[in-house]
Amino acid sequence: VKQDKKAVRVLYIEADEDHVSLQDGGYVEPKLVYVHEVREKIGWNRWKLINARYFSGVYANSDELWVEVLDYIDKTYDMDSIEKIYLSGDGAPWIKNGLGWIKGSIYVLDRYHLSKYVTQATAHMGYTTPIMWDYINRGDKESVKELFNAIISTTEPETKKSAVQEARRYILGNWRGIMRQYDADYIGCSAEGHISHILSSRLSSRPLGWCKTGVDHMKPLAILLF
């Protein structure tokens, strides 16, 4: 970074991971984090992230990744000018670990995974899906709890009931992060799409077997080509 520090009011960080099969039958999870200032519309339903910077690799400890991200932010931006830093992701512990490294960051659960678990909880009782969304959009946590209880009490077999219970834990456990989706200056999260275009298209979308070193060496090339 060779420039004067920029003053921005809001900064956005988005994170996710891929799942890549190894030649020995195991798998690794290369991580992807990117920082940007905002997005601008460049076509119908198409957006461009402004001044995006990407970080990716196979990390034994996520602290190493967050140190890289923090170092970039500190060198690029005037930290005193930043009022909010939104950190978006799927709720994984390694993503939430970033809150401890990025001072003042606020966690937001991404919409993709929220939708996934709403569907998991309500698809077998389709009429409850819009009701669930209505309660979530209104921020009515108690009604969401009651709806989950009603769904679970009438759901069979046990495997499906377990799936609904899992969805309940996920949604209620990330409630504060869900509610921050509705902040006026929050613009959403495109991490799932970035994983698909940057990592999955080369590493995991087709039946491929990698070695751990190969996965780690591919990530800078993938980011460069993206």
Side-chain angles (χ1 to χ4, degrees), residues 1-2 11-37 39 47-77 85-117 120 166 169-170 173-174 177 188-226:
V1 178
K2 298 180 180 179
L11 200 61
Y12 302 89
I13 305 173
E14 302 173 24
D16 204 350
E17 71 278 331
D18 198 6
H19 301 266
V20 179
S21 298
L22 297 178
Q23 294 168 343
D24 62 7
Y27 70 94
V28 291
E29 296 181 351
K31 296 173 173 56
L32 175 68
V33 174
Y34 52 99
V35 181
H36 65 94
E37 297 167 14
R39 65 178 186 175
W47 301 83
K48 177 183 177 180
L49 302 184
I50 303 303
N51 294 323
R53 180 67 174 261
Y54 297 87
F55 305 83
S56 183
V58 179
Y59 295 85
N61 188 322
S62 65
D63 288 347
E64 301 172 18
L65 172 57
W66 289 115
V67 166
E68 290 183 25
V69 176
L70 176 60
D71 183 61
Y72 166 74
I73 294 174
D74 184 58
K75 289 179 178 178
T76 307
Y77 297 99
I85 300 178
Y86 287 109
L87 172 55
S88 302
D90 62 5
W94 77 266
I95 296 176
K96 290 185 175 180
N97 184 37
L99 298 172
W101 285 99
I102 311 300
K103 183 180 178 181
S105 56
I106 303 169
Y107 178 70
V108 188
L109 181 72
D110 74 83
R111 196 75 169 179
Y112 173 87
H113 285 88
L114 173 59
S115 298
K116 174 183 173 180
Y117 280 93
Q120 179 173 311
E166 179 189 24
R169 287 192 298 271
Y170 187 86
N174 286 284
C189 175
S190 57
E192 197 70 23
H194 278 79
I195 286 290
S196 176
H197 288 295
I198 296 177
L199 298 182
S200 299
S201 61
R202 183 66 181 91
L203 295 173
S204 63
S205 290
R206 298 175 182 176
L208 300 172
W210 294 83
C211 68
K212 187 175 180 180
T213 301
V215 173
D216 201 42
H217 285 179
M218 273 300 300
K219 52 86 177 177
L221 177 60
I223 290 173
L224 179 63
L225 292 175
F226 178 76

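Small disclaimer: the values here were computed from a predicted structure and weren't measured.
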Peer 1: Taking C-beta and beyond as the side chain, do Lys96 and Asn174 meet within less than 4.5 Å on heavy atoms?
Peer 2: yes

Peer 1: Would you indicate whether the side-chain heavy atoms of Ser190 and Tyr34 approach each other to under 4.5 Å?
Peer 2: yes

Peer 1: Please check if any side-chain donor atom of Ser88 sits under 3.5 Å from a side-chain acceptor atom of Asp110, or the reverse.
Peer 2: no

Peer 1: Are any non-hydrogen side-chain atoms of Ile102 and Ile73 less than 4.5 angstrom apart?
Peer 2: yes

Peer 1: With Glu68, which residues qualify under side-chain hydrogen bond (donor to acceptor under 3.5 Å, both in side chains), at least two apart?
Peer 2: Tyr59

Peer 1: Can you tell me how far the NZ atom of Lys31 sits from the CD atom of Glu64, to the nearest 0.5 Å?
Peer 2: 10.0 Å

Peer 1: Out of Leu65, Ile13, Leu32, which one pairs with Phe55 under the side-chain contact (heavy atoms from CB on, under 4.5 Å) rule?
Peer 2: Leu65

Peer 1: Looking only at heavy atoms, what is the nearest atom pair of Tyr107 and Gly89, with distance?
Peer 2: OH-O, 3.0 Å

Peer 1: Do the non-hydrogen side-chain atoms of Glu166 and Gln120 ever get within less than 4.5 Å of each other?
Peer 2: yes

Peer 1: Going by heavy atoms in the side chains, are Tyr170 and Lys116 under 4.5 Å from each other?
Peer 2: no

Peer 1: Decide yes or no for Trp94 and Asn61: does some side-chain heavy atom of the first lie under 4.5 Å from some side-chain heavy atom of the second?
Peer 2: no

Peer 1: Please find the pair of heavy atoms, one from Tyr54 and one from Leu49, that lie closest to each other, and give the distance.
Peer 2: OH-CD1, 4.4 Å

Peer 1: Taking all non-hydrogen atoms of both residues into account, name the closest pair between His36 and Leu11 and its distance.
Peer 2: O-CD1, 3.5 Å

Peer 1: Nearest 0.5 Å, please: how far is CG in Leu70 from OG in Ser105?
Peer 2: 10.0 Å

Peer 1: What residues form a side-chain hydrogen bond (donor to acceptor under 3.5 Å, both in side chains) with Asp90, not counting sequence neighbours?
Peer 2: none

Peer 1: With side chains defined as the heavy atoms from C-beta onward, is the minimum distance between Tyr12 and Val35 less than 4.5 Å?
Peer 2: no

Peer 1: Examine the side chains of Glu14 and Tyr86 and answer whether a donor and an acceptor come within less than 3.5 Å of each other.
Peer 2: no

Peer 1: When you compare the side chain of Trp101 with that of Val69, does any pair of heavy atoms fall below 4.5 Å?
Peer 2: no

Peer 1: Which heavy atom of Ala15 sits nearest a heavy atom of Val33, and at what distance?
Peer 2: CB-CG2, 3.8 Å

